[in-house]
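As structure tokens, the structure follows; a few thoughts come after it.
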Amino acid sequence: MRAWNRTKLLWGYLRGKSRLGALPVEYIVETTAKCNIYCPMCPRETHPQPKEDMDEPVFEALLNQAGSTAEHMMLIGLGEPLLDPRIFDRIGLCRRHGVSTLISTNGTLLDEQAAARLLATPLEHITLSFDGYNKETFEFYRKGAKFERVRDNFVRFCRMKHERGSKMQVVVQMVRMDGNRHEVDAFTQFWRAVPGVDQIRVKEDETNLMRPEAGHASGEWQHPCHYLWRGPLYVKHNGDVYPCCQSYMLDGAPVGNVGAQKLLQIFDGEEMRRMRRLHVEGKAGEIDICSRCCTTIPHPLLVAGSLLMNGRTVRAWLPVVERLVYLAKLPAGWLKPPRA
């Protein structure tokens, strides 16, 4: 079922079809809108969030509809996953549907007990967000978090993972911004020496809060955006569905609600088809949210490759491809960043 679903998405992408008759391979599922720190580059700064978790019926409705075709769910959003009291159960439920899972954590709650509990789940990927090598830099970007506490939580988690022989993929991630780009080498060197770290990811800032003029100009849309075909589709904690995480953050309207409509009706709905047509026609810049989007657009060969492989494999290879491009080992055109 999953391979056939991927085949239909690949055919639809290569042929520029607006109606796909398939569902995304990846989802971003915001199981909680609660967070305990403040970050200047986070959309929470401009989009205040309620202190609410995703209701269980909404989560179950999503899995019941997507469980046979989804390959990977990122249980993240504008909240800290470890503030969701049901996060461990949700990871297990995804596994029972054959869906791999990822969470990204700010580390403030990842004490030894939480680490042990998380390592006992079938979670396949975890991103440890650590946006700075020095205390001053880190605490500027992660307001409310203590540098030493988060660093020690992450180091302990990685060592526990290593000692237990866990196969969970651990990625330590820095979002590269003006105030921390000079620390990339030191950041990489430090985390490379920590047992249990599988990958170090230095990614570009994909929000425009600190770069208001960033985005893709009309003439820069050489390729259609992969999000509209393969996902990840973004599901807010209240069940509202958006074409991608950026569309919500750029004040786009939801294209449906998973608690009120069939997922296939949403993904192949009128607005999704309209956006796909404009992208195929090279007119994506006419879509307001797309013109202001800061997401890097991959070359069609990379998108096609991502649909030939299982979603969990794609997620594992993503940091490697990014690093090869940034190190000029692959042509820069393979990942098209927005204008600064």
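Please read these numbers as outputs of a predicted model, since none were measured by experiment.
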| said: Ring of Phe140, cation from Lys143 - is the NZ or CZ under 6.0 Å from the centre and inside 45° of the axis? | reply: yes

| query | Do Leu62 and Tyr27 touch side chain to side chain, with heavy atoms closer than 4.5 Å? | reply | yes

| Is the side chain of Glu26 donor-acceptor paired with the backbone N or O of Arg230 at a distance under 3.5 Å, no angle test? | no

| message | Can you classify the ring geometry of Phe187 versus Phe130 as parallel (below 30°), tilted (30 to 60°) or perpendicular (above 60°)? | response | parallel

| request: To the nearest 0.5 Å, tell me how far Gln199 CD sits from Trp191 CH2. | output: 15.0 Å

| said: Applying side-chain contact (heavy atoms from CB on, under 4.5 Å) to Leu93 and Glu60, what does each step give before you reach the verdict? | reply: CA-CA 9 Å; Leu93 186 58; Glu60 290 177 353; 4.2 Å; yes

| said: For Glu281, I'd like to know if atom CD has over 12 heavy atoms of other residues, nucleotides or ligands within 6.0 Å. | reply: yes

| request: Kindly compute the distance separating CE (Met160) from CG (Leu110), expressed to the nearest 0.5 Å. | output: 8.5 Å

| request: Decide yes or no for Asn36 and Lys34: does some side-chain heavy atom of the first lie under 4.5 Å from some side-chain heavy atom of the second? | output: no

| salt bridge (Lys or Arg N to Asp or Glu O under 4.0 Å) contacts touching residues 244-262 (sequence neighbours left out) | none

| task | For the pair Glu271 and Arg274, evaluate salt bridge (Lys or Arg N to Asp or Glu O under 4.0 Å) and give the outcome as yes or no after the intermediate values. | result | CA-CA 5 Å; Glu271 178 59 16; Arg274 182 186 76 89; 2.8 Å; yes

| said: Could you check whether any side-chain heavy atom of Tyr234 comes within less than 4.5 Å of a side-chain heavy atom of Tyr227, counting everything from C-beta outward? | reply: no

| Between Ala66 and Met73, what is the shortest heavy-atom contact and its length? | CB-CE, 4.3 Å

| request: Dump the intermediate steps for side-chain contact (heavy atoms from CB on, under 4.5 Å) on Met275 and Leu278, then the final yes or no. | output: CA-CA 5 Å; Met275 293 179 70; Leu278 287 173; 5.9 Å; no

| said: For Arg95, I'd like to know if atom CZ has over 12 heavy atoms of other residues, nucleotides or ligands within 6.0 Å. | reply: no

| request: Output yes when a side-chain donor or acceptor of Trp229 lies under 3.5 Å from a complementary backbone atom of Leu14, and no otherwise. | output: no

| task | State, to 0.1 Å, how close Ser18 and Arg277 come at their nearest heavy-atom pair, and which atoms those are. | result | CB-CG, 3.8 Å

| Minimum heavy-atom separation for Val197 to Ile200, with atom names? | CG1-CG1, 4.1 Å

| field | Pair Asp288-Arg292, salt bridge (Lys or Arg N to Asp or Glu O under 4.0 Å): steps then yes or no | value | CA-CA 7 Å; Asp288 177 61; Arg292 294 182 289 121; 2.6 Å; yes

| message | I'd like to know if the side chain of His223 reaches the main chain of Pro300, judged simply by a donor and an acceptor atom lying under 3.5 Å from each other, with no hydrogens or angles considered. | response | no

| Does anything in residues 247-269 pair up under ring-ring contact (aromatic ring centres under 6.0 Å, His included), and if so which pairs, sequence neighbours excluded? | His47-Tyr248, Tyr242-Tyr248

| message | Can a donor-acceptor pair be found, under 3.5 Å and without considering hydrogens, that links the side chain of Arg44 to the backbone of Leu78? | response | yes

| query | Looking at SG of Cys94 and NE2 of His97, how far apart are the two atoms once the value is rounded to the nearest 0.5 Å? | reply | 8.5 Å

| said: If hydrophobic clusters are built by linking Ile, Leu, Val, Met, Phe, Trp and Tyr wherever their side-chain heavy atoms come under 4.5 Å apart, do Leu82 and Tyr38 end up in the same one? | reply: no

| said: Tell me whether Arg192 at atom CZ has more than 12 heavy atoms from other residues, nucleotides or ligands lying less than 6.0 Å away. | reply: no

| task | List for me each residue that meets side-chain hydrogen bond (donor to acceptor under 3.5 Å, both in side chains) alongside Thr137, sequence neighbours excluded, and say none if there are none. | result | Glu183

| query | Rounded to the nearest 0.5 Å, what separation is found between the NE2 atom of His72 and the CD1 atom of Ile28? | reply | 9.5 Å

| query | Nearest heavy-atom pair of Cys35 and Asn106: which atoms, and what distance? | reply | SG-ND2, 4.1 Å

| query | Below 4.5 Å, heavy atoms only, C-beta onward: do Leu128 and Cys158 meet side chain to side chain? | reply | yes

| Crowded around Glu136 CD? As in, over 12 foreign heavy atoms under 6.0 Å? | no

| Heavy-atom donor-acceptor pair, Lys203 side chain to Gln173 backbone, under 3.5 Å | no

| Any side-chain heavy atom of His237 sitting closer than 4.5 Å to one from Pro50? | yes

| said: Are Leu119 and Arg164 packed together at the side-chain level, in the sense that at least one heavy-atom pair is separated by less than 4.5 angstrom? | reply: yes

| Does Asn5 reach the main-chain N or O of Ala22 with its side chain, forming a donor-acceptor pair under 3.5 Å? | no

| query | Has the side chain of Gln261 got a donor or acceptor atom that lies under 3.5 Å from a matching backbone atom of Asn257? | reply | yes

| said: Go through it in stages, so that I can follow the logic: the residues are Arg151 and Lys135, the test is side-chain contact (heavy atoms from CB on, under 4.5 Å), and I'd like the CA-CA distance, side-chain angles, deciding distance and then a yes or no. | reply: CA-CA 10 Å; Arg151 180 198 59 198; Lys135 177 181 176 67; over 6 Å; no

| remark: Note: Pro298 and Val303 closest approach over all heavy atoms is CG-CG2, 3.7 Å

| said: Can you tell me if Lys146 has over 12 outside heavy atoms packed within less than 6.0 Å of its NZ? | reply: no

| field | Rounded distance (nearest 0.5 Å) linking atom CG of Leu102 with atom CD1 of Ile126 | value | 8.0 Å

| field | Spatial distance of atom CD1 (Ile91) from atom OG (Ser100) [nearest 0.5 Å] | value | 11.5 Å

| said: For Ile37 versus Arg142, what's the shortest heavy-atom pair and its separation? | reply: CD1-CD, 3.7 Å

| message | Please determine whether salt bridge (Lys or Arg N to Asp or Glu O under 4.0 Å) holds for the pair Asp84 and Arg90, giving the CA-CA distance in whole Å, both sets of side-chain angles, and the decisive distance to 0.1 Å. | response | CA-CA 10 Å; Asp84 176 7; Arg90 298 192 206 265; 2.8 Å; yes

| field | Chi angles and distances behind the side-chain contact (heavy atoms from CB on, under 4.5 Å) call for Glu80, Thr32 | value | CA-CA 7 Å; Glu80 163 56 41; Thr32 182; 5.7 Å; no

| Would you say the side chain of Lys167 lies within less than 4.5 Å of the side chain of Asp198, judging by non-hydrogen atoms? | no

| query | Just by distance, do the side chain of Asn153 and the backbone of Leu109 share a donor-acceptor pair under 3.5 Å? | reply | no

| field | Sub-4.5 Å side-chain heavy-atom contact between Met54 and Arg86 | value | no

| Does the side chain of Arg201 pick up a donor-acceptor pair with the side chain of Thr127 at under 3.5 Å? | no

| Hey, mind stepping through Arg276 and Asp268 against salt bridge (Lys or Arg N to Asp or Glu O under 4.0 Å) and telling me if it holds? | CA-CA 10 Å; Arg276 290 185 190 116; Asp268 262 356; 3.5 Å; yes

| said: With side-chain contact (heavy atoms from CB on, under 4.5 Å) as the test, pick out the partner of Gln65 among Leu264, Leu23, Leu263, Ile266. | reply: Leu263

